[in-house]
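Here is the naming used below: chain letters follow the sequence lines, and residue numbers restart at 1 for every chain. What you are looking at is a predicted structure, and each value in this text was computed from that prediction instead of being measured.
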Number of protein chains: 2
Amino acid sequence: MLTIGKLGEAAGVKVPTIRYYEQIGLLPEPDRSAGNQRLYGQSALDRLAFIRHARELGFPLDAIRDLLSLSDRPDQSCAAADVIARAQLAEVESRLARLTALKGELERMVVQCAGGRIADCRVIEVLGDHSLCATDHQHPESEAAS
Amino acid sequence: MLTIGKLGEAAGVKVPTIRYYEQIGLLPEPDRSAGNQRLYGQSALDRLAFIRHARELGFPLDAIRDLLSLSDRPDQSCAAADVIARAQLAEVESRLARLTALKGELERMVVQCAGGRIADCRVIEVLGDHSLCATDHQHPESEAAS
DNA sequence: CCTAAGGTCTCTAGTAGCTATAGCTTCAAG
DNA sequence: CTTGAAGCTATAGCTACTAGAGACCTTAGG
């Protein structure tokens, strides 16, 4: 049996994050010690490692919730899991495309900056005038994972 | 003079977002009509367009705040602006690298899924076992822009 | 001049995915 | 037995907005 600290260490997840996952129902409420401290077994560790790995791959918690409930029913079709993974892949690809365009624009901007006064600064100028841009860079929307 | 709706339309920014920018001090408090409605002039439009463009390029609001105050002092060196832009470029490059790794992993995962039962699903299996991964994909941290 | 529609006002709360703080209790080592 | 680390709950904060409630203003048509 692991305390929450040991569990976090084993799974590479911070302690408050584990409590947060429990709070939002991603992890079941564990048994408690006589002194009311959480105690976890192997299944909690497996589940938390799964969550962490999916987070690393950028899956949102809602998708992870679905994936977890799928993995709890091993006999069903994996089509649903495939759909979720493909959606995540599409999301990553679209973010990649936007970021690539941004990178080009930022590079152009930085390279052209001659290092003089603000009044001549290419960075400030480009920011103030979108028509100086090569692309139509639409907002890079994204998402985090710790 | 523009109402907040016209300003938003002209700059491509939603009305509540403009009020939000005012609230956090990115935009100055504008004059008001007799009926207490905000009225904006050209300078507000320029400033808002600058902000929008910088957001599209992924700059965080704090960086935009700095860039705006730099652009208000045209005679100073643009070194500081250059630093901010280069930091943003570095951030974008690092996100790109992480996303590229994620994309590879997700592709591997999806391609290997044979479409059978959950118990055999490569997607679920890989998520549950990080050692099946090719890379050490560290968390993709990111950031949004509308 | 009146009315109706649509724009604007303020304020509050919600989103994702945590992180941080305060003030307490429990546990393990010495 | 004491002390310091680790745990507990509860609340608030982070980014950058978005959504909603309920009231007020503005303007075009009749």
To the nearest angstrom, how far is [X] atom [atom1] from [N] atom [atom2]?
X	N	atom1	atom2	result
A:Met1	D:dG7	CE	P	16 Å
A:Leu39	D:dG7	CG	P	11 Å
B:Leu7	C:dT8	CG	P	10 Å
B:Arg65	D:dT15	CZ	C1'	12 Å
B:Arg32	D:dC25	CZ	C1'	13 Å
A:Ile24	C:dG14	CD1	P	16 Å
A:Gln23	D:dT9	CD	C1'	11 Å
B:Ile51	D:dC17	CD1	P	10 Å

Using a 4.5 Å cut-off on heavy atoms from C-beta on, say whether the side chain of A:Lys6 contacts that of A:Met1. no

Close side-chain approach of B:Gln76 and A:Arg117, heavy atoms under 4.5 Å: no

From the options [options], select the nucleotide whose nearest atom is closest to the side chain of [X].
X	options	value
B:Asp62	D:dT15, C:dT8, D:dC8	D:dT15
B:Lys14	D:dT18, D:dC8, D:dA16	D:dT18
B:Ile4	C:dC9, D:dC17, C:dC18	C:dC9

Atom pair [atom1]/[atom2] of [X] and [Y] - distance to nearest 0.5 Å:
X	Y	atom1	atom2	value
A:Leu2	A:Leu45	CG	CG	6.5 Å
A:Leu61	A:Asp66	CG	CG	11.0 Å
A:Ser77	A:Leu70	OG	CG	9.0 Å
A:Leu67	A:His53	CG	NE2	12.0 Å

[X] side chain N/O closer than 4.0 Å to the phosphate oxygens (OP1, OP2) of [N]?
X	N	value
B:Arg38	C:dC9	yes
B:Tyr21	D:dC17	yes
A:Arg19	D:dT9	no
B:Thr3	C:dG7	no
A:Thr17	C:dT19	yes
B:Arg55	D:dC17	yes

Please assess A:Ser94 against A:Arg98 for the test side-chain hydrogen bond (donor to acceptor under 3.5 Å, both in side chains), listing each intermediate value before the final yes or no. CA-CA 6 Å; A:Ser94 114; A:Arg98 281 175 301 195; 3.1 Å; yes

Report the residue (B:Gly5 or A:Pro16) whose heavy-atom-nearest nucleotide on DNA chain C is the more 5′ of the two. B:Gly5

Got a list of protein N/O to nucleotides 22-30 of chain C N/O distances below 3.5 Å?
residue, atom, partner, partner atom, Å
C:dC27, OP1, A:Gly35, N, 3.1

Does A:Arg122 pair with A:Glu125 as a salt bridge, N-O distance under 4.0 Å? yes

